[in-house]
Amino acid sequence: MSDDPILLEWISDAIAGDQAAFEEIYYTYKDDVYTACYRMMGTAQEAEDATQDVFIRLLRVLPRYDHTRASFRTWVLTITTNYCYDLLRRRRGSDVSIDDEDEPVALTLSSDDPSPEQATMGIELRDRIQAMLDRLPAQDRAMVVLRYWFDHGYEEIAEATETSVSAVKSRLFRARQKLAELLGDVALPNEGVY
Amino acid sequence: MSDTKAQRLQQVQEALDTLPNSEARAALRAQLAGEPETLAEADRIERVHRMLSSAPRERAPERLASRIMARISAIMQQQKAADWPVPDEAVAAAMALANAATLPLMTGAAWLLIHAATDPRLFREVLPRIVAVHLLLIEVMVEILREAESFATDDPQAAAAVLALLPDALRAIAAGLNVPPAD
């Protein structure tokens with residue numbers, strides 16, 4: 001894997017105790033980590049707490065990073081999704097399946113909800129996507145997040161979630177079908193009516 | 001869901017992930033023309049794909065940086081302290097104290113060994129005692145070092161004062177043993 005030499009320098013300096021080097025790592029990956037945490041955890045507050053814990057964990061495990069096995073970004077995202085997955089599992093005892101949810105998603109995804117401003121549309125889209133993601137089991141959610149927000153391929157997702165490529169495919173397929181059910185007939189922003 | 005329909009939908013989904021070219025995807029969809037139910041399902045899945053592909057990315061709030069870096073700073077300081085908890089002065093003081101405390105015992109053991117060497121019977125009797133004295137010395141030195149390190153860490157100023165007095169103490173011991181002081 002080809003990491004930027006500057007990044008490798010930051011990593012080795014941070015391991016040696018250089019706080020400025022770790023700060024560079026933080027500013028490079030903060031949005032990636034926060035986005036993954038937000039999509040996994042579902043709220044801004046939980047995402048902030050999780051982001052904080054992920055970076056603390058990152059500092060502790062930094063000496064274990066092997067740049068010949070995975071890019072640093074993939075490694076950071078693996079740590080992030082695993083952390084959030086563990087957190088969700090511990091909090092809920094087990095995966096939350098949409099089949100266990102009583103509340104129909106139509107309550108949160110009403111198609112007659114007008115939103116004329118572009119900015120508002122962006123926020124609404126974000127919230128709606130999040131409402132649907134929250135209904136997926138944690139592991140499926142992690143796969144969708146890695147696929148769509150970080151453009152990971154099947155192999156990378158399999159590595160990050162410590163599962164097989166065929167399991168990734170079938171979970172991703174299942175997740176999309178569930179999301180399609182949840183989306184129903186709600187119009188998307190680029191489809192005119194929203 | 002029939003096996004054929006499930007297989008077709010899997011192909012559609014795999015195409016979404018692996019075929020960036022929309023023409024190739026359109027060709028696949030053309031194959032579904034005779035299967036309206038499967039095509040409708042494929043359309044629904046493709047909508048989900050479009051929605052997720054256009055999802056906005058988040059930006060970490062600015063305030064998070066100061067919170068995280070404050071915790072990182074505290075952890076790094078703890079790590080540094082754990083890596084080398086004792087200042088150099090403390091180690092020097094501890095070594096000097098340990099040497100000063102054990103010097104008379106070591107000198108006595110050496111004197112005994114030299115005198116016993118002329119008599120094989122006496123040598124056999126004395127040797128185990130000298131070994132025992134050396135083992136005791138090691139124990140004593142380790143304990144003194146531990147105590148001195150702890151003393152120096154708790155009170156570095158007192159440790160520095162002890163360190164400053166040590167040359168005089170050693171000279172006094174050397175004078176007592178009639179050894180000429182080294183400059």
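To find a chain, count down the sequence lines: A is the first, B the second, and so on, and within it residues start at 1. Every value quoted in this text rests on a predicted model; they were computed, and no experiment measured them.
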- Message: Counting only non-hydrogen atoms closer than 4.5 Å, can you tell me which residues of residues 47-60 of chain A sit against chain B?
- Response: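 Near chain B, by residue number: A:E48, A:D49, A:T51, A:Q52, A:D53, A:F55, A:I56, A:L59, A:R60.
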
Euclidean distance, [Y] [atom2] relative to [X] [atom1], rounded to 0.5 Å:
X      : Y      : atom1 : atom2 : value
A:E181 : B:E41  : CD    : CD    : 8.0 Å
B:E58  : A:R39  : CD    : CZ    : 4.5 Å
A:K30  : B:I68  : NZ    : CD1   : 10.0 Å
A:D32  : B:R57  : CG    : CZ    : 4.5 Å
B:R59  : A:Y34  : CZ    : OH    : 11.5 Å
B:L52  : A:L179 : CG    : CG    : 6.0 Å

- Query: Taking everything shown except B:E37 itself, do over 12 heavy atoms lie less than 6.0 Å from its CD?
  - Reply: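 No, the 6.0 Å shell around CD holds no more than 12 heavy atoms from other groups.
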
- Message: Between B:V48 and A:L182, does the side-chain contact (heavy atoms from CB on, under 4.5 Å) criterion hold? Intermediate values first, please.
- Response: CA-CA 10 Å; B:V48 167; A:L182 292 167; over 6 Å; no

- Task: Counting only heavy atoms closer than 4.5 Å, note whether A:V144 contacts chain B via side chain, backbone, both or neither.
- Result: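 For A:V144, the side chain is the part near chain B, not the backbone.
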
- Query: Where on A:K169 is there a heavy atom nearer than 4.5 Å to chain B: the side chain, the backbone, both, or neither?
  - Reply: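 The answer is the side chain of A:K169.
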
- Check A:Q177 against B:L9 and note the closest heavy-atom contact, atom names and distance.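 Looks like NE2-CD1, 3.7 Å.
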
- Might you point out which heavy atoms bring A:I129 and B:A55 nearest each other, and give the distance in Å?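 Result for this residue pair: CD1-CB, 3.5 Å.
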
Compile the donor-acceptor pairs under 3.5 Å between side chains in residues 18-25 of chain A and protein atoms, sequence neighbours left out, one pair per line.
residue	atom	partner	partner atom	Å
A:D18	OD1	A:A20	N	3.0
A:D18	OD1	A:A21	N	3.4
A:Q19	OE1	B:S73	OG	3.3

- Task: Could you list all the ring pair (Phe, Tyr, Trp, His ring centres under 6.0 Å) pairs where at least one residue sits in residues 136-183 of chain A, not counting sequence neighbours?
- Result: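 Qualifying pairs: A:Y148-B:H49.
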
- Do A:W75 and A:Y27 share a hydrophobic cluster (ILVMFWY, side-chain heavy atoms under 4.5 Å, transitive)?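 Same hydrophobic cluster.
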
- Applying the 4.5 Å side-chain criterion to the ILVMFWY set and letting contacts propagate, would A:V76 and A:V61 be lumped into a single cluster?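 The answer is yes; both residues are in one hydrophobic cluster.
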
Only pairs under 3.5 Å count here: list side-chain donor-acceptor contacts from residues 5-14 of chain A, not counting sequence neighbours, and write none if there are none.
residue	atom	partner	partner atom	Å
A:S12	OG	A:E9	O	3.2

- Quick one: do A:L172 and B:Q13 satisfy side-chain contact (heavy atoms from CB on, under 4.5 Å)? Show the steps, please. CA-CA 9 Å; A:L172 212 46; B:Q13 293 218 42; 5.7 Å; no

- With a 4.5 angstrom heavy-atom cut-off, which part of B:Q77 approaches chain A: side chain, backbone, both or neither?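 It is neither, since no heavy atom gets under 4.5 Å.
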
- With a 4.5 angstrom heavy-atom cut-off, which part of B:I75 approaches chain A: side chain, backbone, both or neither?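 B:I75 touches chain A through side-chain heavy atoms alone.
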
- Taking 4.0 angstrom as the limit, do A:R147 and B:D17 come out as a salt bridge?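 Yes, charged N to carboxylate O under 4.0 Å.
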
- Message: Between A:M132 and B:M51, is the side-chain contact (heavy atoms from CB on, under 4.5 Å) condition met? List the steps.
- Response: CA-CA 11 Å; A:M132 295 197 297; B:M51 175 191 74; 2.9 Å; yes

- Item | Which of B:E46, B:R63, B:E14, B:R44 touches chain A most, by non-hydrogen pairs under 4.5 Å |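 Most heavy-atom pairs under 4.5 Å with chain A: B:E14.
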
- Item | Chi angles and distances behind the side-chain contact (heavy atoms from CB on, under 4.5 Å) call for A:L183, B:R47 | CA-CA 9 Å; A:L183 184 62; B:R47 284 185 75 226; 3.9 Å; yes

- Message: Treating A:D31 as the side-chain partner and B:A60 as the backbone partner, does any N or O pair qualify as donor plus acceptor under 3.5 Å?
- Response: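 A pair under 3.5 Å: yes.
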
